[in-house]
Amino acid sequence: MNYNPREIEPRVQQQWHDSNIYRVDTDPSKPKFYVLDMFPYPSGAGLHVGHPLGYIASDIYSRYKRLQGFNVLHPMGYDAYGLPAEQYAIQTGQHPEVTTNANIARYRSQLEKIGFCYDWSRELRTCDPEYYKWTQWAFKRMFESYYDTAADAARPISELVKHLEARGTEGLHAAGTKELEFTAAEWHAMDEKAKSDALMNWRIAYLGNSMVNWCPALGTVLANDEVSEGLSLRGGHPVEQKMMYQWCLRVSAYAGRLLEGLEKLDWTDSLKETQRNWIGRSEGAEMHFAVDGSDVVLDIFTTRADTVFGVTFMVLAPESAYVDAVTTSDRREAVKAYVEATRRKTERERMIDKKVSGEFTGAYAINPLSGARVPIYVSDYVLAGYGTGAIMAVPAHDSRDYAFARHFDLPVIPLIEGADVSEQSFDAKSGRMINSKGPELDLNGMEVKDAIAAAKRFIEEKGIGRVKVNYRLRDAIFSRQRYWGEPFPVYYRDGIPCLLPDSELPLLLPDISSYKPTPDGEPPLARAEGWHTPQGYPLELNTMPGFAGSSAYYLRYMDPRNNDALVSREANNYWRNVDLYIGGTEHATGHLIYSRFWNKFLYDLGEVVEDEPFRKLINQGMIQGRSNFVYRIKDTNTFVSADMRDAYDTTPIHVDVNIVSNDVLDTDAFRAWRPDYADAEFILNADGKYICGWAVEKMSKSMFNVVNPDDIVERYGADTLRLYEMFLGPLEQSKPWDTNGIDGVNRFLKKFWGLYYRGDELLVDDSEPTPDNLRSLHKLIKKVTADIENFSFNTSVAAFMICVNELSQQKCRSRAVLEVLPVLLAPFAPHIAEELWHVALGHHTSIVDARWPEACEDYLRESSVNYAVSFNGKARFNIQMPADATPADVEAAALAHESAARWIDGKTVRKVIVVPKKIVNIVVG
RNA sequence: GCCCGAAUGGUGAAAUGGUAGACACGAGGGACUUAAAAUCCCUUGACUAUAGCAGUCGUGCGGGUUCGAGUCCCGCUUCGGGCACCA
């Protein structure tokens, strides 16, 4: 009986399937462990060999934890809403659901072949009404909530309404889009529409204005990558920036908690840093600048309150509401033209275009500290979306302000001693202040750090402004003008957005005849017939974005078929949150922010018990493609081997990696690959081989470097694929897929099998294990256990190889040893482990229910120990001694050592101190 | 520009401050075989060598700490990745 994965693996998988062995339920008698993969978007191309990398790692860990006696939740599902299926629908008219289901079926079959221990009974897809019912439900709760900044938690909007009824906005602690002020009487005087509009200022899910790329000719919103130089890529129509009223989530209210929450998470520092940068906390001050000869007061935000004496002008963002308020009549024309020109550009173009531009508004502001009168400009280097959309410009100490000042010939006042601002600004926050004395405040002579604090204190005391923390994190735009997404459970009564009752959820996505936007620019849902409530009120036409469905899926897995709650209290109390989350780093500022926000919101409502969703997170590296090249001699159909090509003038051409093995081209397959190459001639190297060149590139069809896991499974088996993906290198590191080494791990599995069978002869017997046998085994147990805990799977595979070589050299047949090995291997190569467990070892239960062994230190004692010896700080050498050698023995050995005599150089050795593998000193006199 | 990470043989890579290159691929040599595949064994960082014992140099570059540095510290170089007019 030889190792035959093609026969073993389907049979073993069938056993698992028939016995429902991976099904899990809440079981309070066992500790839980929740291992989650970031669920995939089922694309039409299917899985390539890079996708399973993280899945294999999480599967190893899941199986390991289960062997250790944990009740392991390890589910899988699909992020089923997405653009490709919808684009395909627009082109072909095929319903995205049909495409999506076909892709899911393919993914499922590909995943099953690899032998994962998923509990498929918990499978989810985000486009399933039973699932998106809870996405809609969560949206409703967000609509019905506001963020209480005093309690630092979401609260029902009804509490806020009570406050408004009693006291208006006085004493209100609520995160809002704007600072609204009105009295209780004014609130009572509002009509229903006005009240609804006012509440939108505070709701966590709210309708608000956001900037989008709008193309009037195409009648649609375009993504940034669909626009170039103000024109649509398709058709070349003008595109403008447009304010659109759409659904947003008040993620910014959670910025502080999202930042602080990172502290207690076991994530990599780089990922935490990425989120910190994204959230972008900056501490500073908001200050009021009066506009000369007007009631308008400019609020600006600065982190450098110390530089206020160096303000020589002010700048407004073109979109700022201040622009209209301050511009004087003689400048109105020019300012309007400038604002228009800016609007036509996309945000991206504004960033790329580093040329200084702007217009003078004609107005002047008064510096509240120095009393100086400074001009107010409008320029696109100030962003409307950050701070207040207005800045005080300090050209001496800010490079952007400096460039602007030089361009418009505005004065530059240096504020820090010794700073040379003749060529460039001095941006560093260090030095001693000068030129900073006003009527009431004198910062001169202070260190920058102290000056910032002093200025802030003064500003606060005098009521010129207040200390403020600003975050870069923006609210999430939650509307998409697409079909293939969750419908909003919202209808409009007289223009007022209202929620459908919970009893009417899910609001099903309707069928429509075409997936394009309507001719007058409405989203595809406008085509749906009967898209209104029974009372005739129109339903929302936008759908939710991709991240809606992926923000709480990990909670749903805990209780996936519950019709009464997202997750039952019981299931949530047991499973709590994800102990180990594995996925790509590309979600650092998207999904991983939104999920944390969503979870914290549900936590505030008391719907879930943990305030962070993912306790430990590992980013698996990306698997890049390894492309192969053939070299065609120019103007011929002759191809020259890579090692011979220097002598010729050649063109490299991508060749399908599937007809190349260890960089050697299968020339017959190449001729058959494409008609053009049917008559190809080859110049082979001295060994008669055609060697291909190679390069690391993204895995993609056009590079002919896509490797399908199915092909690897077909050829080598799933266990080889699993082991090889782990053996390739450290989990977190990106690396090219290179099939060159796969034979090595396949050979290892054959050798492993060979410990149990020689032909049909079973080699396992009841002989006593030798000390060497036990030492090899326990070394392996210790190493593999430690490596799995550290997610160092490549080194544990190497440890298996060493152990199998040792045992096979030792001709070990002892059942006591051979019975343990499959258990250790089971997380990595579950099929072969299961087969040997049943057939060679005669067990009747699955290996999945075996127990993980513990290493016994008694067997691990080294027969000899290395000592490192150094003499009086001069030299070092190593001495190998029996394990029970005493320091005196080592000393004697050291002195006997030939080199020792040379180094000691005739001096008398007084003392030798020996510690294995540690510093040893010999003191000479 | 800012932040983070990385750099070790022909290749993928190992290495709590203690024999650098485990393990594997590839390559070379050999065994078995009519032959091939498969399998097994040996060699494989570079250089020098009296090639039978050995020596020198070697972890991107330059310094430093240390008896001892791939590993720690300082200063660079190169390559990846992320963020980027955030006041």
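Residue numbers start from 1 in every chain, and the chains themselves are labelled A, B, ... in the order their sequence lines are given, proteins ahead of strands.
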Name the orientation class of the two ring planes belonging to A:Tyr756 and A:Phe752 (parallel below 30°, tilted from 30 to 60°, perpendicular beyond 60°). tilted

What does B:G62 pair with, Watson-Crick or G-U, if both distances are under 3.5 Å? B:C74

May I ask you to evaluate whether A:Asn805 reaches the phosphate of B:C40, defined as a side-chain N or O under 4.0 Å from OP1 or OP2? no

Expressed in whole Å, how much space separates the P atoms belonging to B:C73 and B:G5? 11 Å

Within this structure, what is the CZ-to-P distance between A:Phe748 and B:A38, rounded to whole angstrom? 20 Å

Start at the 5' end of RNA chain B and walk down; is the nucleotide closest to A:Gly280 or to A:Lys750 reached first? A:Lys750

Please report the shortest heavy-atom distance between A:Ala396 and A:Pro414, naming the atom on each side. CB-CA, 3.7 Å

With the side chain of A:Ile802 defined as its heavy atoms from C-beta on, choose the nearest nucleotide among B:A22, B:A84, B:U39. B:A22

Rounded distance (Å) that lies between atom P of B:A87 and atom NZ of A:Lys456: 12 Å

Regarding the side chain of A:Arg747, the nearest nucleotide among B:G26, B:A13, B:C4 is B:G26

Nearest-Å distance for atom pair CG/P, residues A:Leu723 and B:C23: 17 Å

Using the P atom as the reference point in each nucleotide, state the distance between B:A7 and B:G17 in Å, no decimals. 15 Å

Please compare A:Gly729 and A:Thr388 by the position of their nearest nucleotide in RNA chain B and report the one closer to 5'. A:Gly729

Could you tell me how far B:G68 sits from B:G18 if I compare only their P atoms? Round to whole Å. 15 Å

Report the distance from atom CG of A:Leu780 to atom C1' of B:A22, rounded to the nearest whole Å. 15 Å

I need the NZ-C1' distance between A:Lys782 and B:U16, as an integer number of Å. 12 Å

Determine the Euclidean distance between corresponding C1' atoms of B:C32 and B:C42; express it in Å to zero decimal places. 15 Å

Taking atom CG of A:Asp398 and atom OG1 of A:Thr303, what is their separation to the nearest 0.5 Å? 8.5 Å

Can you tell me the Watson-Crick or wobble partner of B:G26, both distances under 3.5 angstrom? B:U44

Between B:C4, B:C23, B:G82, which one does the side chain of A:Ala798 approach most closely? B:C23

Give a yes/no answer on whether the side chain of A:Asn794 brings an N or O atom under 4.0 Å of OP1 or OP2 in B:A14. yes

Would you kindly give the CG-to-C1' distance between A:Asn2 and B:A37, to the nearest whole Å? 14 Å

Which nucleotide in the set B:C23, B:A84, B:A87 lies at the smallest distance from any side-chain heavy atom of A:Met801? B:C23

Nearest to the A:Thr795 side chain among B:C23, B:G26, B:A14, which nucleotide is it? B:A14

Below 30° counts as parallel, above 60° as perpendicular, anything between as tilted: where do the rings of A:Tyr377 and A:Phe408 land? tilted

Using a 90° cut-off around 0 for syn, call B:G21 syn or anti. anti

Any strand: nucleotide that pairs with B:C83 via Watson-Crick or wobble, under 3.5 Å: B:G1

Roughly how far apart, to the nearest Å, are B:U34 and B:C23 at atom P? 34 Å

For A:Trp753 and A:Tyr3, take the angle between the two ring planes, folded into 0 to 90°, and tell me which bin it lands in: parallel under 30, tilted 30 to 60, perpendicular over 60. tilted

Between A:Phe404 and A:Gly358, which heavy-atom pair has the shortest distance, and what is it? CE1-CA, 4.2 Å

What integer distance in Å separates A:Tyr716:OH from B:A24:P? 17 Å

Need the pair for B:A69. Rule: Watson-Crick or G-U wobble, both distances under 3.5 Å, any strand; none if unpaired. none

Pick the P atom in B:U8 and in B:C61, then give their distance to the nearest Å. 11 Å

Roughly how many Å apart are B:A20 and B:G45, using the C1' atom of each and rounding to a whole number? 10 Å

Taking only the side-chain nitrogens and oxygens of A:Gln733, find out if one of them lies under 4.0 Å from OP1 or OP2 of B:A13. yes

Need one value for A:Lys751: base, sugar-phosphate or nothing, where a base atom within 4.0 Å counts as base even if backbone is also close, heavy atoms only. sugar-phosphate

For atom C1', what is the distance between B:U19 and B:G62, given to the nearest Å? 28 Å

Is any side-chain nitrogen or oxygen of A:Tyr386 closer than 4.0 Å to OP1 or OP2 of B:A87? yes

Got a second to check how far A:Met392's CE is from A:Leu298's CG, nearest 0.5 Å? 12.5 Å

A:Glu732 atom CD is separated from B:A6 atom P, nearest whole Å, by 11 Å

With a 3.5 angstrom cut-off on both distances, give the Watson-Crick or G-U wobble partner of B:G21, or none if there isn't one. none

Does a nitrogen or oxygen in the side chain of A:Arg276 sit under 4.0 Å from OP1 or OP2 of B:C83? no

Counting side-chain heavy atoms from C-beta on, which of B:A22, B:C3, B:A13 comes nearest to A:Pro730? B:A13

Does A:Asp380 use its side chain to pair, donor to acceptor, with the backbone of A:Thr342 at less than 3.5 Å? no

